[in-house]
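Each remark here refers to the structure printed beneath this line.
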2 protein chains.
Amino acid sequence: MTKYINQNPVLVAVDCIIFGYDGEHLKLLVIKRAIEPVKDQWSLMGGFIGTNEDLDGAAKRILLELTGLHDVYLEQLQAYGQPDRDPIERTISVVYFALIDINKYSKQINDQYHAEWFELKKVPELIFDHSIMVKAAMDKIRYQAALHPILFELLPKKFTIPQLQNLYEQVYDSPIDNRNFIRKITASGLLIKQTEKDKSSSRRGAFYFKLDKLKHKAQFQSFLSFISKPK
Amino acid sequence: MTKYINQNPVLVAVDCIIFGYDGEHLKLLVIKRAIEPVKDQWSLMGGFIGTNEDLDGAAKRILLELTGLHDVYLEQLQAYGQPDRDPIERTISVVYFALIDINKYSKQINDQYHAEWFELKKVPELIFDHSIMVKAAMDKIRYQAALHPILFELLPKKFTIPQLQNLYEQVYDSPIDNRNFIRKITASGLLIKQTEKDKSSSRRGAFYFKLDKLKHKAQFQSFLSFISKPK
DNA sequence: GCAAAAGTGTTAGACGTACACCCATGC
DNA sequence: GCATGGGTGTACGTCTAACACTTTTGC
């Protein structure tokens, strides 16, 4: 059959907003753009969609290429299509965000991109509309994390409750009462207490926990409330 | 500057999922596809993106073309990019959903599409992946409406609380206790009571209300809970 | 023993849910 | 006067937010 007539094909790119958490700060992984225009400026990791690839597949490929990681939390954020967002050629960008365990990331995997982690508040100016995308991603993560247990994706397999609390505090940029937090999070039933303690951040030590993956999966779709309502 | 080399441009379409509410049922507006392939089959209203148009702009144009309406609630749902979703040519679809006041829609505006409203449960099979899109849109609307007052967009300027309640019942496909509903909705402060009553559905009559648009706008971003949590 | 972080306990009020009852009106 | 939907009232349990205190341990 003949193709659609009189239509203008455009390029479609997939960009990935990659978040990590080092135990102290929420961080963003960005690269130095390898091609013109704006070569060597900070940019999200992205690429054009392949001929036989769907959007999710392209996002996974791009993420794998930069980080070497499979099976990470990946969610489509939004498509961006300002006609002039890329000065060279009309390009629609479908943006994904990923939450990864930063400890699994190794700089050695693929150094050709000169990737670097920045604390969220210290991310440099990014090319095109990438900074806007990051802002939108943060909004969405705050929204999602208030209702669903997604922030566990940023933590290592074993983590402590104070670590988890600090992560929530980073994400919402506001202090949380630790007594209420502990109660809420243990009441959720999502955590399995380990016998070992993490002694690195206090004399007393904090118990490690693992995520109960079955319960996590089961509860994921239910509307939970992990943070208090903004005032 | 030269263009990006070795990349395959593809077509980008915008499809609109248009919801309306006639006082009894939640309905979907679909058209008979005018072009091959699958000509004359039921389809979402859509179109290819214009050269100097952004995605939101394209969605607005498409909506205007079919319904004659400006200024309607329109939200980007998701991008769909299965390589074979359109059998003729690789086409990425960026999908929007719209909530309109069905009374403002007039069949006369543009009859060339043979548009028709279907009750949500009676929507025929749609072309390509359009049925999947509609399902995703309903999920998102349920999600959004549980937290934000978006369903007002489906109602006329003046409406009664029983009407509003029925709308929520349609959207969540489950009965709501009218006494609790009334209290919750009036406590939100979003409604302004009118002096007239609607006598069409009961002897006693139900007071009309208007939406307090200022409060609506102010509260829109706060996480409200309009329905009870699913069990 | 002291500092510092981890963790348990308590309480008052807000909120959600369930349910009973009265109101207004046309027939 | 009675059927029908519209609307108010109440009571109880659960969740949340605010705040005080004890525990553990290295120095």
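All chains are named by letter (A, B, ...) in the order of the sequence lines, taking the proteins before the strands, and each is independently numbered beginning at 1.
- In the set C:dT17, C:dC19, D:dG7, D:dG7 carries the atom at the smallest distance from any side-chain atom of B:Asn178.
- Here the P atom of nucleotide C:dA24 and the CG atom of B:Asp198 are 18 Å apart, to the nearest Å.
- Per the geometry, CZ belonging to A:Phe209 stands 12 Å off P belonging to C:dA6, to the nearest Å.
- Atom CD1 in B:Ile182 sits about 16 Å away from atom P in C:dC23, given to the nearest Å.
- Mapping A:Asp177 and A:Ser201 onto DNA chain C via the closest heavy atom, the residue that lands nearer the 5' end is A:Ser201.
- Looking at every heavy atom in both residues, A:Tyr168 comes nearest to A:Ile176 through CB-CD1, 3.5 Å.
- For B:Arg203, counting side-chain heavy atoms from C-beta on, the closest listed nucleotide (C:dC27, D:dA18, C:dG9) is C:dC27.
- Between A:Phe207 and A:Arg183, the residue anchored closer to the 5' end of DNA chain C is A:Phe207, taking for each the nucleotide with the nearest heavy atom.
- Note on A:Thr160: nothing from the nucleic acid sits closer than 4.0 angstrom, heavy atoms only.
- Distance, B:Phe181 CZ to D:dG7 P: 12 Å, rounded to whole Å.
- Rounded to an integer number of Å, the gap from B:Gln163 CD to D:dG6 P is 10 Å.
- Taking only side-chain atoms of B:Arg204, from C-beta outward, the nucleotide of D:dG5, C:dA5, C:dA20 with the closest atom is D:dG5.
- Here the nucleotide nearest the side chain of A:Lys184, chosen from D:dA17, D:dG7, D:dC19, is D:dA17.
- Rounded to a whole Å, the CD1 atom of B:Ile185 is 14 Å from the P atom of D:dT8.
- Between A:His216 and A:Phe152, the ring planes are perpendicular. Angles over 60° get that label, and only those under 30° would be called parallel.
- Distance from the side chain of B:Lys199 is smallest for C:dT25 among the nucleotides D:dT23, C:dT25, C:dT17.
- B:Phe97 and B:Tyr73 have tilted rings, their planes meeting at an angle from 30° to 60° on a 0 to 90° scale.
- Below the 3.5 angstrom threshold, one finds no donor paired with an acceptor across the side chain of B:Arg179 and the base of C:dA18.
- One atom, CG of A:Asn180, and another, C1' of C:dG13, lie 14 Å apart when rounded to the nearest Å.
- Judged purely by atom type and a 3.5 angstrom limit, B:Arg142 uses its side chain to pair as donor or acceptor with the backbone of B:Val171.
- The distance between atom NZ of A:Lys193 and atom P of C:dA6, rounded to the nearest whole Å, is 13 Å.
- With respect to B:Phe159, the side-chain contact (heavy atoms from CB on, under 4.5 Å) criterion is satisfied by exactly one of B:Asp198, B:Leu191, B:Asp101: B:Leu191.
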